[in-house]
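Predicted model only: the values in this text are computed from it and were never measured.
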Amino acid sequence: MILKEKEKTVIQDLQTQEKSCVEKYGRYAEQAKDPELKNLFQTIQKEEQKHYDSLTQVLDGQVPQCDCNDSNGKDYEPKQTYKMMDDSEDKKNDKFLATDCIGTEKLVSGEYNGEIFAFGESAVRKLLADIQVEEQNHAEMLYKYKVANGMV
């Protein structure tokens, strides 16, 4: 598969987003006070790295397989760490981190949504659609964490 110049540029732009997400989740995992949130950030960081690696494969002319039926968001059930009335600095810190990441996931998901039809190759569109679903699942998991911990 040979990408057109515009397609190559789109993939490189998406890679920039994914690289930023990998770095953000790594930093936020270090800053998170709650082990549950720290673990969630580390899990999402690994998934963002997979996205980056998949995009690298596309740039190299290969389209990796995808499942397109990801249910991580639906199946995620975080354990509660913070009580509803807890007003600690740790809870405020973790709420900020989770909320910021939800915003990031919304933006990145939107990028995939806007760029998906720039590609003539249906296998690439399928891959990008799958990544978009995974980005939405990340936001759902983060939101469920916030709900479980009285942060919404």
Check your understanding: Should Arg125 and Glu121 count as an ion pair when the cut-off is N to O under 4.0 Å?
Key ->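 Here Arg125 does not pair with Glu121 in a salt bridge, since their nearest N and O are not under 4.0 Å apart.
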Are there over 12 heavy-atom neighbours, none belonging to [X], within less than 6.0 Å of that residue's [atom1]?
X      : atom1 : result
Lys6   : NZ    : no
Gln57  : CD    : yes
Lys46  : NZ    : no
Lys91  : NZ    : yes
Tyr76  : OH    : yes
Lys144 : NZ    : yes

- [ ] Output, in order, the C-alpha distance, side-chain angles, deciding distance and verdict of salt bridge (charged side-chain N to carboxylate O under 4.0 Å, His left out) for Lys24 and Asp100.
- [x] CA-CA 10 Å; Lys24 177 182 263 192; Asp100 184 56; 2.8 Å; yes
Exercise for review: Mind listing the closest non-hydrogen atom pair of Pro78 and Glu36 along with its distance?
Suggested key: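 In this case the closest contact between Pro78 and Glu36 is CA-OE2, 3.3 Å.
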Report yes if some heavy atom in the side chain of Tyr52 is under 4.5 Å from a heavy atom in the side chain of Cys21; otherwise report no.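 A side-chain contact under 4.5 Å is absent here.
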task: State, yes or no, whether a side-chain contact exists between Glu48 and His138 at a heavy-atom distance under 4.5 Å.
output: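 Sidechains of His138 and Glu48: in contact.
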message: Checking Ser88 against Asp90 for the side-chain hydrogen bond (donor to acceptor under 3.5 Å, both in side chains) test, could you report, in this order, the C-alpha distance in whole Å, the side-chain angles of both residues, the deciding distance, and whether it holds?
response: CA-CA 5 Å; Ser88 68; Asp90 285 355; 5.4 Å; no
So, Glu47 versus Asn72: side-chain donor-acceptor pair below 3.5 Å or not?
->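 Note: Glu47 and Asn72 side chains meet the donor-acceptor criterion.
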Just by distance, with hydrogens left out, do Asn93 and Glu89 show a side-chain donor and acceptor under 3.5 Å apart?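 Result is no, nothing qualifies.
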Is there a path of hydrophobic side-chain contacts, each under 4.5 Å between heavy atoms of I/L/V/M/F/W/Y residues, joining [Y] to [X]?
X      : Y      : result
Met1   : Phe117 : yes
Ile102 : Val22  : no
Leu37  : Val152 : yes

Handout entry: Point-to-point distance, once rounded to the nearest 0.5 Å, from OH of Tyr145 to OG1 of Thr81
Key =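 The OG1 atom of Thr81 is 5.0 Å from OH of Tyr145, to the nearest 0.5 Å.
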Please verify the inter-ring angle class for His51 with Tyr112; under 30° counts as parallel, over 60° as perpendicular, anything in between as tilted.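 Aromatic pair His51/Tyr112 classed perpendicular.
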- Message: Please check: side-chain N/O of Asn149 versus main-chain N/O of Tyr82, any donor-acceptor pairing under 3.5 Å?
- Response: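 Present.
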